Amino acid sequence: MQSRWWCCRLVAWTWVWSLALLGAWCIPANEVNLLDSRSVIGDLGWVAYPKNGWEEIGEVDEDYAPIHTYQVCRVMEQNQNNWLHTNWILTEGAQRVFIELKFTLRDCNSLPGGVGTCKETFNMVMKESRYIKIDTIAADESFTELDLGDRVMKLNTEVRDLGPLTRKGFYLAFQDLGACIALVSVRVFYKRCPFLVKSLAEFPDTIPGSEASQLVEVVGRCVNNSLPLYEPPRMHCSAEGEWLVPIGKCVCQPGFEEINGSCQVCKVGFYRSLLESVACSKCPPHSAARQMGATTCSCEDAYYKIDSDPPNMACTPPSPVSVVRKDHTGKSSIALSWAEPDRPNGIILEYEIKYFEKEQDSSYTIIKSKETEMVVEGLKPSSVYIFQVRARTSAGYGAFSRRFEFQTSPYLTATSERAQASIVAVAITLALVLLAVSGFLHLHISILMMCLCLLPNRRCGYSKAKQDPEEEKMHFHNGHIKFPGVRTYIDPLTYEDPNQAVHEFAQEIDVSFISIERIIGAGEFGEVCSGPLRLPGKREMQVAIKTLKAGYTEQQRRDFLWEASIMGQFNHPNIIRLEGVVTKSKPVMIITEYMENGSLDTFLKKNDGQFTVIQLVGMLRGIASGMRYLSDMGYVHRDLAARNILVNSNLVCKVSDFGLSRVLEDDPEAAYTTRGGKIPIRWTAPEAIAYRKFTSASDVWSYGIVMWEVMSYGERPYWEMSNQDVIKAVEENYRLPGPMDCPEALYHLMMDCWQRERNSRPKFDEIVCLLDKLIRNPSSLKKLVNSSHRVSNLLVEHASAEGECNTLSQTVGEWLDSIKMGRYTELFMEGGYSSLETVAQMTSE
Ligand code: ACK
């Protein structure tokens, strides 16, 4: 009787409270309800046992919809065991679900005497095939008689997660052992990563994996008329239903441009030829695109350019070289000369000589010369070649001369065949050395190609000819510049006129399209500002604007625009994107995408300890991916550091600061070395400090330091040690200790990046591969660095870490066997190459 009285009071106030708050609850977009007792109209169908235990209180809200509240309050009776069973809850394929309970619970101490059996907890149980206790549920706040009097309702919310679930559904049950409870609502839901369109890629609704720490990798689908750039776009769905670690992106296919998240066809008069370019561009002078969706523009009548000219190059009237003479023929060379054009349309800057083996015109070579003669070398004996010459003036290139056919002398004597055979042997050795250094089996193909190329009468592109240093040589295949591997970065220094380099790689933007709204920092050449860029026909976008301060010298203007000439050559989701330059008005500006979170070092310091390890690894993965792209392009950054990484609102990290990186004048961390160069000592590999050996391997060293900065939330590498002490300590093989809470796998990778022997450091593609593995398998990040490697103010002695990237643990014999070249083992041993370390140190001589 007394127990009933408590219950009535309990429920009455619960009800009042419910009316006020039930309507206000809203469900986050990434949660999908499997059961919500508040939204069930009519009977819930739950079963109570025994019958006098849990009872349903039939109440209604202000809309007269039923509120299903269950209560039990048999606090005055011994040995209570009251069960409340839900009906079958379907999982809809989710392997991990969440249960949210809202309830009130009576404080036992506030009950009048004689309530020794009163409990303040209850059990939550689930059943797939058998009963399993999920948890004992206690109230954060229990209520007393006083609260009832004051009309204060202490509603508790408890959430538990449940998984992995293996069946299509399960039951829930609540076991009361003698408490005074009112269960106001039960909600069962799973989380999913909702459908998302990002960087032109669609990611479907995705149900997370069964483990709390698991990330489900999802490959995005490029939207219509777009293609993946560089690598397929990927995202990772976390157990919390959040998309994390974006990797890769899609870009519109040639002939289309991105407008408001979709790919729109280029208008008549506009074209887009490269995936790397951002938008459709107006056809260059004296050319036109008469159809929509053009990928190139064609020259107007009487104007010319050749297929290999860049698409943004203007068509020019002819300035032809009319006759090309053969002055001398050798077995592998032909000397040519020609007369200056009669009426050049400007001062002649240089000539281009295009040649290819007759009937093999899908591959050709272009050499440049400032003279009206040249010896073309590296040709095959007894072969007919086609030559064409054209002049370049300040107005651009003229048309090529007609084709001239010349043949090389015959060849092949017994001695020269022997010479060829020894070249083959050298080539094999050289190729093996390359293989040892890179550790990649896919170089097999290159080895074979190199060997075959040197066999007599094998056709395989062109061997390198000796050229006058003034001349450049480029190989083309099917109209595209042919580089070994991917596109190669072109040093703006190779351009006589730096302005030409800027306009080759950067779009000129009219200053009227830019509004400067605020100053965000100070750069070496002037202020860094931000504001909207409104290009006609384009969606407005926020940009960062680097300005060149007034009163600059011509040299400063060149140095300032240098960065744009470099940045404009890159297109990668982890490299800061150049939007264009303003050079036709003052101040001169460089416009880049805007990165909301600024530079990585400041951002990490501001958010100390705020990110999950996976988020940090995601950032590192992005940086490694950007660096992989740069090293594939043949670009060495030389100043990779967290301060030179920018972070956007999605935590995507992008490599930035390409400003005259060979000089590093703008980096406050750079110090003068004894050799006079300015170098950011703490970030730089020993060989680059000692003798300026800057390579992608020295960038890998710096990457290791960036890893350390990231994992220690922006701590200064080597703290307050002086630069001299840092150089000395590193020289003596001491290295930075593992940052606090740093996963061991990451610290191993850092240590690998800091190998003294630069060929033993991992390559950026190996780093990306390793980080991808860790992201896919977050439990591999659970083991943290041993505390002895975390001494806060001491360095640790470096012992070569044996990570997955270390290929030098095999014997020479095993390695040769693995590349099917075991028969050379003896030769290697005789030559004193008994370990892979010595093989890696072989030189071509
Ligand atoms: O750490 P920060 O906020 O990020 O301060 C520096 C400052 O300008 C001087 O370089 C910021 N900054 C540079 N480029 C960008 C960009 N593209 N987006 C946003 N902030 C930038 C940098």
Side-chain angles (χ1 to χ4, degrees), residues 199 246 249 278 505-507 509 513-535 540-549 552 556 559-582 587-608 610-611 619 622-623 626 630 637-661 663-670 680 683 706 709-710 712-717:
S199 305
K249 68 170 183 178
V278 178
F505 300 118
Q507 188 195 351
I509 295 179
F513 301 143
I514 301 163
S515 317
I516 294 186
E517 281 183 347
R518 59 193 181 94
I519 298 174
I520 53 176
E524 191 215 345
F525 293 94
E527 282 155 348
V528 183
C529 310
S530 68
L533 168 67
R534 297 184 193 94
L535 289 174
E540 175 181 316
M541 67 183 296
Q542 199 66 14
V543 288
I545 305 149
K546 283 192 176 180
T547 58
L548 174 61
K549 56 180 171 265
Y552 54 82
Q556 282 170 323
D559 291 353
F560 175 72
L561 288 173
W562 174 280
E563 181 168 25
S565 311
I566 292 174
M567 229 192 290
Q569 298 184 46
F570 304 139
N571 187 352
H572 186 273
N574 300 102
I575 305 289
I576 193 84
R577 191 180 66 245
L578 176 73
E579 296 299 336
V581 290
V582 177
V588 175
M589 301 176 194
I590 296 177
I591 316 296
T592 65
E593 65 181 306
Y594 180 66
M595 301 290 285
E596 295 82 353
N597 282 314
S599 52
L600 178 61
D601 62 334
T602 320
F603 175 65
L604 288 170
K605 281 178 208 152
K606 257 194 253 162
N607 295 284
D608 196 355
Q610 298 300 304
F611 300 116
M619 294 182 204
I623 302 167
L630 292 183
H637 191 288
R638 299 176 179 226
D639 197 10
L640 178 59
R643 65 183 167 279
N644 290 331
I645 304 291
L646 291 166
V647 188
N648 74 10
S649 54
N650 293 322
L651 291 194
V652 176
C653 288
K654 307 201 181 197
V655 180
S656 81
D657 209 333
F658 303 98
L660 270 188
S661 54
V663 183
L664 302 169
E665 292 302 339
D666 56 332
D667 189 337
E669 283 291 350
W683 283 263
V706 172
E709 290 182 276
V710 169
S712 56
Y713 281 92
E715 181 62 86
R716 178 170 166 75

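As the structure lists them, so they are numbered: ligands from 1, and atoms in each ligand from 1. Everything numeric here is computed off the predicted structure, so don't read it as measured data.
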I'd like to check which ligand 1 atoms, numbered from 1 as shown, lie under 4.0 Å from a non-hydrogen atom of [X].
X: T602; result: 1 (O)
X: T592; result: 17 (N)
X: G598; result: 3 (O), 4 (O)
X: Y594; result: 18 (N), 19 (C)

Rounded to the nearest 0.5 Å, what separates atom [atom1] in [X] from atom [atom2] in [Y]?
X: E527; Y: K549; atom1: CD; atom2: NZ; value: 9.5 Å
X: K605; Y: S712; atom1: NZ; atom2: OG; value: 10.0 Å
X: I575; Y: I623; atom1: CD1; atom2: CD1; value: 10.5 Å
X: I645; Y: S599; atom1: CD1; atom2: OG; value: 10.0 Å

Below 3.5 angstrom, do we get any N/O pair linking [X] and ligand 1?
X: E593; answer: yes
X: K546; answer: no
X: M595; answer: yes

Could you identify the single nearest non-hydrogen protein atom to [atom] and state the distance to 0.1 Å?
atom: atom 21 (C) of ligand 1; answer: I520 CD1, 3.7 Å
atom: atom 15 (C) of ligand 1; answer: L646 CD1, 3.6 Å
atom: atom 4 (O) of ligand 1; answer: S599 N, 3.2 Å
atom: atom 13 (C) of ligand 1; answer: V528 CG1, 3.9 Å

Going through the checks in order, is the side-chain contact (heavy atoms from CB on, under 4.5 Å) test met by F525 and E563? CA-CA 12 Å; F525 293 94; E563 181 168 25; over 6 Å; no
Heavy-atom distances under 4.0 Å are what count here, so tell me which part of A544 touches ligand 1: side chain, backbone, both or neither.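 For A544, the contact with ligand 1 is made by the side chain alone.
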Have a look at ligand 1 and work out which part of A522, if any, has a heavy atom under 4.0 Å from it: side chain, backbone, both or neither.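 The part of A522 near ligand 1 is the backbone, not the side chain.
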If you apply the rule side-chain contact (heavy atoms from CB on, under 4.5 Å), what do you find for F611 with L651, and how did you get there? CA-CA 10 Å; F611 300 116; L651 291 194; 4.0 Å; yes
Criterion side-chain contact (heavy atoms from CB on, under 4.5 Å) on L578 and I590, from CA distance to verdict: CA-CA 8 Å; L578 176 73; I590 296 177; 3.6 Å; yes
Beyond-backbone contact of L600 with E709, side-chain heavy atoms, under 4.5 angstrom: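 In short, these two side chains do not touch, never coming nearer than 4.5 Å.
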Would you please test K546 and T592 for side-chain contact (heavy atoms from CB on, under 4.5 Å) and show each step? CA-CA 8 Å; K546 283 192 176 180; T592 65; over 6 Å; no
If we count only non-hydrogen protein atoms and require a distance under 4.0 Å, does atom 6 (C) of ligand 1 qualify as touching the protein?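 Flag for atom 6 (C) of ligand 1 set to false, no protein heavy atom closer than 4.0 Å.
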